[in-house]
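Scroll down for the structure; my scribbles are underneath it.
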Protein chains: 2
Amino acid sequence: MSPDRNPTRHDRDSVARAALALLDEVGLPDLSMRRIAARLEVQPSALYWHFASKQLLLAELADRITARVPIAESDPVACARGIRDALLAHRDGAELVLSTSALGLGSAHAERALLRSLPEQNPERAAALLHFILGHTALVQQRMHAHSHGAASGDDDPTAGLDRVFDLGVTAIAGLSATRPRARA
Amino acid sequence: MSPDRNPTRHDRDSVARAALALLDEVGLPDLSMRRIAARLEVQPSALYWHFASKQLLLAELADRITARVPIAESDPVACARGIRDALLAHRDGAELVLSTSALGLGSAHAERALLRSLPEQNPERAAALLHFILGHTALVQQRMHAHSHGAASGDDDPTAGLDRVFDLGVTAIAGLSATRPRARA
DNA sequence: ACCTGAACACCGTTCAAGT
DNA sequence: ACCTGAACACCGTTCAAGT
């Protein structure tokens with residue numbers, strides 16, 4: 001007799017949230033529209049009311065992932081770590097952002113944050129930093145997953161030493177590192 | 001009456017070559033086992049005689065792409081350009097290598113080439129360089145495709161200025177750039 | 001405004017069986 | 001050694017129709 005009778009109606013936000021949660025459980029290759037629909041107890045076709053295509057839904061997820069990077073970092077290294085952490089916060093986050101950043105402006109927010117953190121606000125350095133962070137994090141993240149899923153070869157952590165590679169890359173591109181020791185002035 | 005009667009029998013090499021050619025035509029998202037089989041005029045199940053899974057076939061393609069990077073470059077910038085060009089030589093090459101480099105040692109060859117080209121043979125710099133090149137090239141490549149396929153917004157080339165970003169990143173990580181102008185000594 | 005039901009044109013992979 | 005044929009358990013997407 002109540003006017004609101006339907007048990008679960010969804011909107012863009014609830015669909016995106018369910019998809020993001022499912023991403024963490026199953027990973028990007030197994031994140032299908034049909035699985036997302038099943039999680040929402042809805043027919044697959046229902047999703048197309050909220051998102052015109054799977055690509056657009058994935059772009060929304062990428063936007064939500066990058067939206068969490070802090071804008072106020074003054075140090076490029078801290079800013080870069082913030083971006084990396086946002087990407088690592090969700091399974092296959094880096095690969096998702098990387099593969100959707102062509103169309104969606106998902107990575108634009110991260111790039112702005114980098115630009116602001118740079119001493120001379122050099123946009124080319126900001127772009128290079130973003131490219132490095134995305135490539136590095138995508139590699140690290142999938143190596144993590146391959147290792148945990150017991151892929152092959154040695155059983156020692158393949159992430160070892162990669163933090164140093166990250167810092168080296170960021171400081172170098174940001175223009176903060178010594179070029180060459182050149183004696184020891 | 002001849003003993004060799006069968007018109008087309010295939011091996012690993014011919015399957016991989018057909019797959020690589022098809023990749024350039026249709027792109028990574030549309031590269032299916034069934035399409036590759038159709039191109040070879042063979043049933044889809046026939047491919048599984050040569051490759052145990054699609055993933056392993058893709059890893060072979062990634063290996064073939066990176067195999068073409070020159071090992072003998074002495075200059076890190078020249079070496080990095082060689083890697084980038086090898087990735088750009090096939091559609092979605094960078095994304096393919098990036099997404100398979102966790103398991104397959106496809107990128108190991110490129111990393112060795114970088115290491116050799118570095119003045120001090122620093123393996124951390126080589127790793128950082130590889131990560132930057134892969135991230136950068138993957139982004140550039142998909143932006144190229146998005147632009148050619150008439151995605152949206154402005155119609156000017158989105159690749160403009162990206163060469164400078166590439167050079168900046170490579171020289172910085174290689175340790176060849178000035179840290180900061182610092183007056184103008 | 002939001003969803004169902006049914007259909008369309010696809011996927012990767014397995015496996016017995018053929019030659 | 002290499003392939004067929006048939007099957008299994010899936011995909012993304014569209015669209016009329018329901019409420």
Side-chain angles (χ1 to χ4, degrees), chain A residues 1-20 22-23 25-62 92 95-96 99-100 103-104 146 149 151, chain B residues 1-20 22-23 25-62 92 95-96 99-100 103-104 146 149 151:
Chain A
M1 36 151 79
S2 61
D4 56 25
R5 135 160 42 64
N6 232 299
T8 40
R9 305 287 269 191
H10 303 288
D11 53 10
R12 276 179 68 92
D13 183 64
S14 62
V15 171
R17 287 168 59 93
L20 209 44
L22 196 55
L23 173 66
E25 294 176 29
V26 304
L28 192 53
D30 289 332
L31 185 69
S32 69
M33 295 297 269
R34 295 177 113 102
R35 280 228 219 199
I36 297 165
R39 168 64 53 104
L40 292 166
E41 292 177 307
V42 127
Q43 295 297 317
S45 52
L47 301 181
Y48 290 84
W49 176 263
H50 305 287
F51 292 93
S53 69
K54 185 183 183 182
Q55 256 217 71
L56 259 19
L57 171 52
L58 292 181
E60 169 70 22
L61 300 190
D92 294 333
E95 198 188 331
L96 176 56
S99 65
T100 32
L103 305 165
H149 225 56
Chain B
M1 36 152 79
S2 61
D4 58 24
R5 140 164 37 69
N6 232 299
T8 40
R9 303 288 267 188
H10 303 288
D11 52 9
R12 276 179 68 92
D13 183 64
S14 61
V15 170
R17 288 168 59 93
L20 208 45
L22 195 55
L23 173 67
E25 293 176 29
V26 303
L28 192 53
D30 289 331
L31 185 69
S32 69
M33 295 296 269
R34 295 176 113 103
R35 279 228 219 199
I36 298 164
R39 169 63 52 103
L40 291 166
E41 291 178 307
V42 127
Q43 295 297 316
S45 51
L47 300 181
Y48 290 85
W49 176 263
H50 306 286
F51 291 93
S53 69
K54 185 184 183 181
Q55 256 216 73
L56 259 19
L57 171 51
L58 292 181
E60 170 71 23
L61 300 190
D92 294 333
E95 198 189 330
L96 175 57
S99 65
T100 35
L103 306 165
H149 224 57

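The structure presented is a predicted model; accordingly, all values stated were derived computationally and were not measured. To find a chain, count down the sequence lines: A is the first, B the second, and so on, and within it residues start at 1.
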Report, one line per pair, each donor and acceptor closer than 3.5 Å where one atom sits in a side chain of residues 54-61 of chain B; sequence neighbours left out.
{"from": "B/K54", "atom 1": "NZ", "to": "B/L31", "atom 2": "O", "distance (Å)": "3.0"}
{"from": "B/E60", "atom 1": "OE2", "to": "B/R64", "atom 2": "NE", "distance (Å)": "2.7"}
{"from": "B/E60", "atom 1": "OE2", "to": "B/R64", "atom 2": "NH2", "distance (Å)": "3.4"}

Among residues at least two apart in sequence or on other chains, which ones pass side chain to side chain contact (heavy atoms under 4.5 Å, CB included) with [X]?
{"X": "A/S32", "value": "A/R34, A/R35"}
{"X": "B/H50", "value": "B/H10, B/R12, B/V15"}
{"X": "B/A37", "value": "B/V42, B/P44, B/L47"}
{"X": "B/Q43", "value": "B/S45"}

Sticking with atom [atom1], work out how far [N] lies from [M], rounded to a whole angstrom.
{"N": "C/dC8", "M": "D/dC11", "atom1": "C1'", "value": "12 Å"}
{"N": "C/dC10", "M": "D/dA9", "atom1": "P", "value": "22 Å"}
{"N": "D/dA16", "M": "C/dC3", "atom1": "C1'", "value": "13 Å"}

Problem set entry | Any residue of residues 38-51 of chain B with a heavy atom less than 4.0 Å from an atom of DNA chain D |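 Contacting residues: B/V42, B/Q43, B/S45, B/A46, B/W49, B/H50.
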
For this session: Would you confirm whether A/D11, through its side chain, and A/S14, through its main-chain N or O, come within 3.5 Å as a donor-acceptor pair?
Result: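 It does hold such a pair.
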
Problem set entry | Side-chain (A/D92) to main-chain (A/G27) donor-acceptor, under 3.5 angstrom |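 Here the side-chain-to-backbone pair does not exist.
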
Problem set entry | Nearest atoms (heavy-atom pairs only) where B/S53 meets B/Y48 |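 Looking at all heavy atoms of both residues, the shortest contact is CA-CE2, 4.1 Å.
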
Problem set entry | Derivation and outcome, side-chain contact (heavy atoms from CB on, under 4.5 Å), residues B/L96 and B/L23 | CA-CA 10 Å; B/L96 175 57; B/L23 173 67; 4.0 Å; yes

For this session: List in chain and number order the residues that pass salt bridge (charged side-chain N to carboxylate O under 4.0 Å, His left out) with A/R17, two or more places apart in sequence or in another chain; answer none if no residue qualifies.
Result: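 Counting only residues at least two positions away or on another chain, A/R17 forms no salt bridge (charged side-chain N to carboxylate O under 4.0 Å, His left out).
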
For this session: Quick one: the dot-bracket string of DNA chain C, using Watson-Crick and G-U wobble pairs with both distances under 3.5 Å, [ ] for crossing pairs and | for bases paired to another strand.
Result: ||.|||||...|||||.||

Can you name the atoms? Protein N/O to nucleotides 7-11 of chain D N/O, anything below 3.5 Å, with the distance.
{"from": "D/dC11", "atom 1": "OP1", "to": "A/S32", "atom 2": "OG", "distance (Å)": "3.0"}

